[in-house]
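In what follows, a single structure is set out as structure tokens and then discussed.
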Amino acid sequence: MRDAPVLLVVDDDPRTRGVVAGELRKRYRPDYEVVCADSADGAPRLLAKFRDDRRLVSIVLARQRMSQGTGAELLARVREFHRTAKRLLLIDWGYGPPPEPILQAIAFGHIDAYVARPVKVPDERFHRAVTELLEEWARSHLPRFEVVRVVGEERSARAHEIRDLLHRNAIPFGFYPVGAERGKALLQQAGVAASALPVIFLFNGQVLVNPTNAEVAEALGMKTTPGAGLYDVAVIGAGPAGLAAAVYGASEGLSTVVLEPEAIGGQAGTSSQIRNYLGFPDGVSGADLALRAYTQAWNFGAEYVYGNPATGLRAEGAERVVTVGGGSQLRSRAVVIATGVSYRRLGIPSLDRLIGAGVFYGATTSDAKAMTDREVFVVGGANSAGQAAVHLARYAARVTVLVRGKSLAEGMSDYLITQVASTRNIAVRHGAVVTGGGGTDCLESLTLQDRVSGTTETIPATAMFVLIGAEAHTQWLPDHIARDHWGFVVTGTDLLAGGAPAQGWPLPRPPMLLESSLPGVFAAGDVRRGSVKRVAAAVGEGSIVIRLIHDYLRGN
Ligand SMILES: Cc1cc2nc3c(=O)[nH]c(=O)nc-3n(C[C@H](O)[C@H](O)[C@H](O)COP(=O)(O)OP(=O)(O)OC[C@H]3O[C@@H](n4cnc5c(N)ncnc54)[C@H](O)[C@@H]3O)c2cc1C
């Protein structure tokens, strides 16, 4: 029988170590073995031994205050030995707000969470922190029922997409490379040739050969076409804005349908840890947040239609008709466009793997303070990159802006160029393109190419913020829904020209807040021009829009 996974406690004070270990043993034995290390120095030896013995380590709990080095320093090294172990920092009561080293440890992904060490037992707050980490860890390490088995090429883009889709929709699955014994056996049993991959095997015996998203959704019992009746609200996109609109729409008695071609959660669903969402001081995984919101809207009666995108939108009298990929149509009295954006990626897999662990896309404010005294790189030459550089320079020792062009004037406003130039610790490197880089658990190096000479160099780096633009998902909208130069939907007072609605607006009243140039069609979240690109802002707009839709429907 396999040995139980390890919970490792590191604390050099025998009394407090005993309390933590005792609490863990009471709750988690015999499923986990609780092991103690009596110093920060001794822990790496134990971790190496477990690795050599092929023992699974689920969580390392280390006390921050120890005589030989801090818990945060030790936890930063854990993944050298156990790549997937969770890391929980134990702080002492009365420590005050978390000091700089803890904030940095969180921002750089060196720890997963911190919690006050238990003093009076049982300490349910401590146990909740442990249980949440164990639950996340167990999802990928303990045997579980596989609803879906995927056989495919390990490096195939479509196989990767399907795995990502299943993962983001919280469907338990196993992946079996076609070259491995189990993969070959599954194909053989089903009599499927290895030439048409990926192949999906469902728990109920169904086999799908290279299926579309909609075919996968349908086979899993999900709805892939909308109902034929008239809905009150059609929400297009199930990111935070769409999910909030679904919760509020359905809870306020509106018949609400949500259309989502990929996975619930949108961009937020891909974030391993959202740390600035109200009410989650230790952060929350985007997938968890999305799943909670999905269930909440479902409980209120919202309907979900999966697997196909919206491909068109038109008005038929008071009805709004959304055409849906796959050939169906959705009729509704009001529509919320919540299709979000994608941040342009560098497209370098070794760097994208480190998102959140030294590589950051877009948002910078919540990570800036953690950059105190560090060397930081900002990639991009437009205003967003300039603003990020100036903001980061308040904390970082030095900020280097990497710009492809010969001059910042090609993409940045004058006032920002002046600010960048007058900030002592910002340097601009022109003609520099990031072509590679990586690190074991967090960013360690970047490879840069000089566009003029073609030479490349690899430099040490611990933090890089990439701001090379975002694309709004609005190509499917008709031309008469006004958008700005970058494709973001224009709403509310932004549609007014000289105080009056712009040409083409058909009603005597002005457009409402969040309403697009087609009455009854609203936009919420990142897709809207001028929106704040944050989870909380998207949730806020998704909630407000329902109030506006009530007003709109009353007037119709
Ligand atoms: C890696 C990462 C980490 C982030 N971390 C944070 C953070 O820590 N804190 C924070 O505040 N913000 C964070 N953000 C930003 C935040 O996730 C976004 O601001 C937020 O998700 C926007 O929500 P949204 O609903 O407007 O759009 P999105 O999240 O983009 O969701 C849009 C949804 O619409 C769907 N869709 C697209 N086209 C169509 C179509 N034609 N038909 C139907 N559906 C469609 C998409 O599949 C998607 O599910 C992060 C973003 C990323 C990428």
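Just so you know, residue 1 is the first one in the sequence shown, and it goes up from there. Just follow the structure's listing: the first ligand is 1, and inside any ligand the first atom is 1.
Using a 4.0 Å cut-off to heavy atoms of Gly525, the atoms of ligand 1 that qualify are 26 (O). For ligand 1, the atoms sitting less than 4.0 Å from at least one non-hydrogen atom of Ala338 are 32 (C), 33 (C), 34 (O), numbered in the order shown with element in parentheses. Interface of Leu259 with ligand 1, defined as ligand atoms under 4.0 Å from a residue heavy atom, comprises 43 (C), 44 (N). In the vicinity of Gly266, heavy-atom distances shorter than 4.0 Å reach the ligand 1 atoms 29 (O), 31 (O), 48 (C), 49 (O). Numbered from 1 in the order shown, with element, the atoms of ligand 1 that lie under 4.0 Å from a heavy atom of Val341 read 30 (O). Proximity to Ile236 (heavy-atom distance under 4.0 Å) selects the following atoms of ligand 1: 42 (N), 43 (C). For ligand 1 and Ala310, the ligand atoms under 4.0 Å from any heavy atom of the residue are 40 (C), 41 (N), 42 (N), 43 (C).
At distances below 3.5 Å, at least one donor-acceptor pair connects side-chain atoms of Thr339 with backbone N or O atoms of His473.
For Tyr361, the closest heavy-atom approach to ligand 1 does not fall below 4.0 Å. Distances shorter than 4.0 angstrom occur between a heavy atom of Ala263 and an atom of ligand 1.
Distances between N or O atoms of Ala241 and those of ligand 1 include at least one value under 3.5 Å. Ligand 1 has an N or O atom lying under 3.5 Å from an N or O atom of Gln267, backbone or side chain. Of the polar atoms of Arg345, none of the N or O atoms is found under 3.5 Å from an N or O of ligand 1, judged by distance alone. At a 3.5 angstrom cut-off on N or O pairs, Pro240 counts as close to ligand 1.
Between the choices Ala536, Pro261, Ala524, the shortest heavy-atom distance to atom 44 (N) of ligand 1 belongs to Pro261. Of the candidates Thr339, Asp526, Val235, Val535, it is Thr339 that places a heavy atom closest to atom 39 (C) of ligand 1. Considering each of Arg534, Glu260, Gln475, the one bringing a non-hydrogen atom nearest atom 46 (C) of ligand 1 is Glu260.
Salt-bridge annotation for Arg394 and Asp373: absent, with no side-chain N of the basic residue lying under 4.0 Å from a carboxylate O of the acidic one. In this structure, Asp526 does not pair ionically with Lys533, as no charged nitrogen and carboxylate oxygen lie closer than 4.0 Å. A salt bridge is absent between Arg333 and Glu319; no separation between the charged side-chain nitrogens and carboxylate oxygens falls under 4.0 Å. A salt bridge links Glu316 with Arg331: the closest approach of a Lys/Arg side-chain nitrogen to an acidic carboxylate oxygen falls below 4.0 angstrom. Residues Asp551 and Arg547 are paired through a salt bridge, judged by an N-O separation under 4.0 Å between the basic side chain and the carboxylate.
Of the candidates Val466, Thr447, Ile468, Ile348, Val434 forms a side-chain contact (heavy atoms from CB on, under 4.5 Å) with just one, namely Ile348.
Taking Tyr294 as the reference, Tyr304 meet the ring pair (Phe, Tyr, Trp, His ring centres under 6.0 Å) condition, with sequence neighbours excluded. Contacts of Asp352 classified as side-chain contact (heavy atoms from CB on, under 4.5 Å), with partners at least two apart in sequence or in another chain: Arg345, Ile355, Tyr361.
In this structure, Pro198 and Asn210 have side chains that are in contact, with non-hydrogen atoms separated by less than 4.5 Å.
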